[in-house]
Amino acid sequence: MIMEEIDHEGERLLQQKEEDDQGENHHGAVRISTQSSKVEGCQAYIAVSILCLVNLLNYVDRYTVAANLEEIQKSFKITNDNSAAGLIQTVFIIGYMITSPIFGFLGDRYSRKVIIAFGITAWSGLTLAGSFVPDDKFWLFILIRGAVGMGEASYVTIAGTIIGDLFVGNQRSRMLMVFYFAIPVGSGLGYIAGKGVATAFNDWRYALRFTPVFGIICVILIILILREPNRGQAETGNQAMSNTNYVTDLRALFKNPSYIFSSLGLTCQCWVVGALALWAVKTLEFAYTLQGLDNSSVSYVFGIVTCISGFVGVALGTSFAQYLRKFNPRADPLVCAFGMLSGAPFLFLGILVADQNVTVAWIFILFSETLLFLNWALIPDILLYILIPTRRATGNAVQMLMSHLLGDALSPWIVGFVSDRIRENMSAPSSIHDQYYSLVYALYIGGFITVLGGGAFLATSLYIEAAKKRVEDIVKSKNDASSALTSDNFVN
């Protein structure tokens with residue numbers, strides 16, 4: 001029965017291919033012709049450099065809000081309402097995730113360069129607009145942050161697929177390592193620069209006014225310098241490939257166990273990182289205050305720790321995985337699992353001892369973040385080699401939707417909500433003591449989520465070899481429609 005279905009679908013795809021060759025569409029298939037001349041050599045490295053710069057700005061922009069959370073709460077008069085404060089990040093991520101499938105669909109079919117330029121322009125303008133919201137219009141600030149997330153989704157969904165089209169193998173892994181340095185380093189710089197600009201102007205709103213300037217510079221670089229590669233260029237020798245329709249793409253993704261389990265692992269990681277990104281600084285500021293220490297430097301220290309742990313973690317994770325690939329083809333998901341499982345106890349200990357010794361707490365946080373960041377470049381690399389080139393933007397978009405919907409869209413609000421409910425039953429809810437401990441207890445949830453993520457990556461390792469081989473077979477035989485479909489029916 002299964003083979004009859006494959007034979008039938010193979011005949012259908014052969015017919016579809018013939019019609020595509022004549023310039024026609026069949027059942028939603030789109031023929032992708034050569035978009036530009038082949039991008040290689042110096043041009044490829046220039047493209048990666050520009051994309052890295054934009055990714056760095058993306059995360060600097062995102063975490064300027066977290067760096068100034070306490071001041072924002074005071075400004076909008078929500079100082080004792082952590083649930084409302086958590087919504088700032090949650091709504092941003094909601095806007096980010098609900099539009100990612102749209103940009104994924106467009107990114108597999110239209111000019112990625114144009115989409116990225118549009119997205120950067122939109123998020124830069126909206127970030128600037130958010131800095132002018134009056135203090136009595138918190139709801140408007142929330143809506144604008146949600147729209148900023150929509151703009152950022154257009155870039156994040158697509159950028160990694162461009163790198164995937166420029167490089168293969170270990171060289172692709174190295175380029176992705178460089179690209180994903182921008183996440184922790186940009187996040188750390190967001191805390192440092194965001195707090196520094198706000199302090200210099202004595203107004204948190206100025207922290208949202210310096211990134212749009214760099215956003216416009218990035219748009220100019222993309223329009224004038226960036227050259228977009230053909231989809232699958234590095235794997236197919238710059239030959240064109242045909243899209244299947246969107247429903248077929250989605251069905252294929254959810255039949256791919258490597259894709260599902262790696263997405264679940266990323267979801268757990270996003271949950272933990274999202275919770276820490278918004279609440280770690282405020283929690284540590286309370287810890288400093290309880291010990292009679294000046295807490296004005298917490299954002300800077302957290303930014304430096306995040307930069308260092310990110311740089312070291314991404315480099316170690318990628319290098320370790322490249323070495324292990326020589327002996328074990330399951331190296332990538334196994335390194336991801338190791339990072340999650342070993343990072344959990346350090347995260348727990350860092351939160352546990354913060355009110356007793358902040359120096360020890362910072363050391364534990366440094367280790368936990370370093371271990372968690374082992375994964376950042378490996379997860380997108382896994383996605384690129386378990387999905388065919390014309391399905392990668394869609395796969396990335398759906399993965400983003402899943403990981404943010406169940407991950408960092410929920411965790412900032414959940415931590416804020418749980419801490420509020422805990423504090424309601426404490427003896428002095430408004431005291432620094434009770435505010436601190438209520439957040440600590442709520443953040444303990446992250447330790448359990450981290451362990452779940454490690455388990456998801458272990459499950460990924462069971463299927464990764466077969467998934468990778470089938471994609472390689474499809475790419476090699478892309479001109480043989482029935483052969484491609486036979487493999488694609490099961491994995492992609």
Side-chain angles (χ1 to χ4, degrees), residues 60 62-86 88-89 184 187-208 273-310 346-369 412 415-416 418-420 422-423 426 428-444 446:
V60 169
R62 188 180 303 188
Y63 288 106
T64 53
V65 170
N68 296 284
L69 183 61
E70 189 170 2
E71 289 73 19
I72 292 172
Q73 285 184 272
K74 290 178 182 177
S75 179
F76 288 112
K77 299 176 178 60
I78 56 170
T79 301
N80 293 318
D81 191 348
N82 287 340
S83 297
I88 297 174
Q89 186 73 356
S187 302
L189 289 176
Y191 287 104
I192 297 169
K195 191 69 174 181
V197 171
T199 301
F201 288 92
N202 198 29
D203 187 348
W204 65 268
R205 297 174 184 276
Y206 281 91
L208 300 181
V273 171
L276 290 176
L278 191 68
W279 293 115
V281 169
K282 185 170 183 177
T283 303
L284 288 164
E285 285 175 344
F286 285 147
Y288 270 65
T289 301
L290 287 173
Q291 296 176 60
L293 303 173
D294 179 13
N295 66 10
S296 61
S297 64
V298 172
S299 286
Y300 300 113
V301 177
F302 189 74
I304 293 170
V305 167
T306 301
C307 284
I308 294 172
S309 61
F346 287 106
L347 174 62
F348 179 84
L349 290 171
I351 297 170
L352 179 67
V353 305
D355 64 323
Q356 303 166 43
N357 190 316
V358 290
T359 301
V360 174
W362 283 123
I363 293 172
F364 282 135
I365 290 171
L366 175 66
F367 278 109
S368 67
E369 288 196 335
V415 170
V418 171
S419 69
D420 283 344
I422 291 172
R423 190 155 42 87
M426 299 179 83
S430 297
S431 68
I432 297 295
H433 177 277
D434 286 3
Q435 290 189 63
Y436 168 75
Y437 281 104
S438 65
L439 278 172
V440 166
Y441 298 148
L443 284 170
Y444 282 152

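Quick note: residue numbers are just sequence positions, from 1. Everything numeric in this text was worked out from a predicted model, so none of it was measured.
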Within this structure, what is the [atom1]-[atom2] distance for the pair [X] and [Y], rounded to the nearest 0.5 Å?
X      : Y      : atom1 : atom2 : result
Leu290 : Ile432 : CG    : CD1   : 7.0 Å
Lys282 : Ser299 : NZ    : OG    : 12.0 Å
Ile363 : Phe346 : CD1   : CZ    : 11.0 Å
Phe348 : Ser368 : CZ    : OG    : 13.0 Å
Glu285 : Leu293 : CD    : CG    : 12.5 Å
Tyr288 : Ser297 : OH    : OG    : 5.0 Å

Tell me the closest heavy-atom pair linking [X] and [Y], and the distance in Å.
X      : Y      : result
Ile422 : Ala442 : CD1-N, 4.3 Å
Ala287 : Ala354 : CB-O, 3.6 Å
Ala361 : Gly350 : CB-O, 3.6 Å
Val65  : Ile88  : CG1-CG2, 3.7 Å
Ser438 : Ser419 : CB-O, 3.3 Å
Phe286 : Gln435 : CZ-OE1, 3.4 Å

#### Entry: Residue pair Tyr300, Thr199: steps toward the side-chain contact (heavy atoms from CB on, under 4.5 Å) verdict
CA-CA 12 Å; Tyr300 300 113; Thr199 301; 3.6 Å; yes
### Message
Could you walk me through whether Thr64 and Val197 satisfy the side-chain contact (heavy atoms from CB on, under 4.5 Å) test, starting with their C-alpha distance in whole Å, then the side-chain angles of each, then the deciding distance to 0.1 Å, before giving a yes or no?
### Response
CA-CA 10 Å; Thr64 53; Val197 171; over 6 Å; no
### Task
Fit a plane to each ring of Trp362 and Phe302, take the angle between them on a 0 to 90° scale, and name the class: parallel (under 30°), tilted (30 to 60°) or perpendicular (over 60°).
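The arrangement is tilted - the two ring planes meet at 30° to 60°.
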### Query
side-chain contact (heavy atoms from CB on, under 4.5 Å) with Ile365: which of Leu284, Leu276, Val301?
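Of the listed options, the one satisfying the test is Leu284.
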### Query
So, Arg205 and Glu71, do they make that salt bridge, N to O below 4.0 Å?
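Result for this pair is no, no salt bridge flagged.
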#### Entry: Pairwise side-chain contact, Leu352 with Tyr444, heavy-atom cut-off 4.5 Å (strictly under)
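The answer is yes, as the side chains (C-beta and beyond) meet within the 4.5 Å cut-off.
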### Query
Does any pair with a residue in residues 351-361 pass side chain to side chain donor-acceptor pair (under 3.5 Å), and if so which ones, sequence neighbours excluded?
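Pairs touching residues 351-361 that pass the test: Asp355-Tyr437.
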### Message
Please enumerate all residues that pass ring-ring contact (aromatic ring centres under 6.0 Å, His included) together with Phe364, with sequence neighbours excluded.
### Response
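Phe364: no ring-ring contact (aromatic ring centres under 6.0 Å, His included) contacts found.
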### Query
Which is it for Leu443 and Leu347 under the side-chain contact (heavy atoms from CB on, under 4.5 Å) test, yes or no, and what are the steps along the way?
CA-CA 9 Å; Leu443 284 170; Leu347 174 62; over 6 Å; no
### Query
Is there a donor-acceptor contact under 3.5 Å from the side chain of Thr283 to the main chain of Leu439?
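Pair absent, no side-chain N/O of Thr283 close to backbone of Leu439.
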